[in-house]
Amino acid sequence: MKEKLLDVAHVIAKDLHEVGAIDQVTMREFDADCLPRVKDLTANQIRKIRTGQKVSQVVFAKILNTTPSTVRQWEQGQKHPRGVSLKLLNLVAQKGLSVLI
């Protein structure tokens, strides 16, 4: 619900910016505030993302520009993705692998 409200507010802010009611700096701050949150993922969620895309750990690792060992450790809960890796996993979960290929 909160994300939908932010989407609507962002559209309104863009319209206000276009007519000059919001300056560029305020619009940039609003854009940054409206970026989707990156969600932490469990080992099972990561495995489901990969298997849902019907790829092996090796292929998944190549697409994410990481090693098969890292993917295996994520799926076993020995390591947790952070930063760019976590963002990419969130993107794949939401939009599928085609967003990265």
Side-chain angles (χ1 to χ4, degrees):
M1 179 71 168
K2 184 178 179 182
E3 288 181 13
K4 289 180 184 179
L5 290 174
L6 275 177
D7 289 342
V8 171
H10 192 253
V11 169
I12 293 168
K14 283 170 95 174
D15 290 343
L16 289 170
H17 177 259
E18 286 178 14
V19 298
I22 293 179
D23 65 12
Q24 187 65 33
V25 173
T26 303
M27 192 62 218
R28 284 186 197 142
E29 290 171 354
F30 203 89
D31 286 339
D33 289 341
C34 289
L35 289 172
R37 302 249 182 243
V38 177
K39 298 173 186 164
D40 286 324
L41 298 168
T42 66
N44 284 335
Q45 288 172 319
I46 295 168
R47 185 178 305 106
K48 283 183 181 180
I49 291 167
R50 179 184 59 79
T51 58
Q53 298 297 310
K54 298 181 174 119
V55 294
S56 68
Q57 288 179 339
V58 173
V59 172
F60 199 54
K62 283 185 185 272
I63 293 169
L64 295 174
N65 197 32
T66 192
T67 65
S69 172
T70 297
V71 172
R72 186 172 26 264
Q73 289 173 338
W74 289 341
E75 291 184 2
Q76 292 174 352
Q78 297 169 348
K79 275 187 163 183
H80 301 284
R82 293 187 208 122
V84 175
S85 296
L86 187 57
K87 178 74 170 185
L88 290 174
L89 287 167
N90 273 261
L91 282 171
V92 172
Q94 293 170 5
K95 302 193 182 273
L97 280 176
S98 62
V99 75
L100 301 180
I101 300 175

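Start at 1 with the first residue, then count along the sequence.
Of all heavy-atom pairs between G77 and A43, the closest is N-CB, 3.6 Å. Residue A61 comes nearest to P68 through the heavy atom pair CB-N, 3.5 Å, listed as atom of the first residue, atom of the second, then distance.
Interatomic distance, I46 CD1 to H80 NE2, rounded to the nearest 0.5 Å: 8.5 Å. In this structure, S85 OG and L41 CG are separated by 11.0 Å, a value rounded to the nearest 0.5 Å. Expressed to the nearest 0.5 Å, how far NZ of K79 lies from CD of Q73 amounts to 4.5 Å. With rounding to the nearest 0.5 angstrom, the CD atom of Q76 is 11.5 Å from the CG atom of N44. Taking CD from Q57 and OG1 from T70, the interatomic distance works out to 10.5 Å, rounded to the nearest 0.5 Å. With rounding to the nearest 0.5 Å, the separation of CZ in F60 from CZ in R72 is 14.0 Å.
Looking at T51, its side chain never comes within 3.5 Å of a backbone N or O of K54 through a donor-acceptor pair. The backbone N or O of V38 sits nowhere less than 3.5 Å from a side-chain atom of N90 that would complete a donor-acceptor pair.
Note: the hydrophobic cluster containing I101 does not contain V58 (ILVMFWY, side chain heavy atoms under 4.5 Å, direct or indirect links). Both L89 and L91 are assigned to one and the same hydrophobic cluster, defined by single-linkage of ILVMFWY side chains at heavy-atom distances under 4.5 Å. Residues V19 and I12 do not share a hydrophobic cluster, defined by chaining ILVMFWY side chains whose heavy atoms lie under 4.5 Å apart.
Pairs of residues two or more places apart, or lying in two chains, that qualify as side chain to side chain donor-acceptor pair (under 3.5 Å) and include a residue from residues 21-33 are H10-D31, H17-Q24, D23-T26.
At most 12 heavy atoms of other shown residues, nucleotides or ligands fall within 6.0 angstrom of atom NZ in K14.
A search for side chain to side chain contact (heavy atoms under 4.5 Å, CB included) contacts involving L100 returns I63, L64, L88, V92, not counting sequence neighbours.
Side-chain contact check for W74 versus T66: some heavy-atom pair is nearer than 4.5 Å. By the 4.5 Å heavy-atom criterion applied to side chains, R50 and V55 are counted as neighbours.
Hydrophobic side-chain contacts under 4.5 Å tie L35 to no other Ile, Leu, Val, Met, Phe, Trp or Tyr residue.
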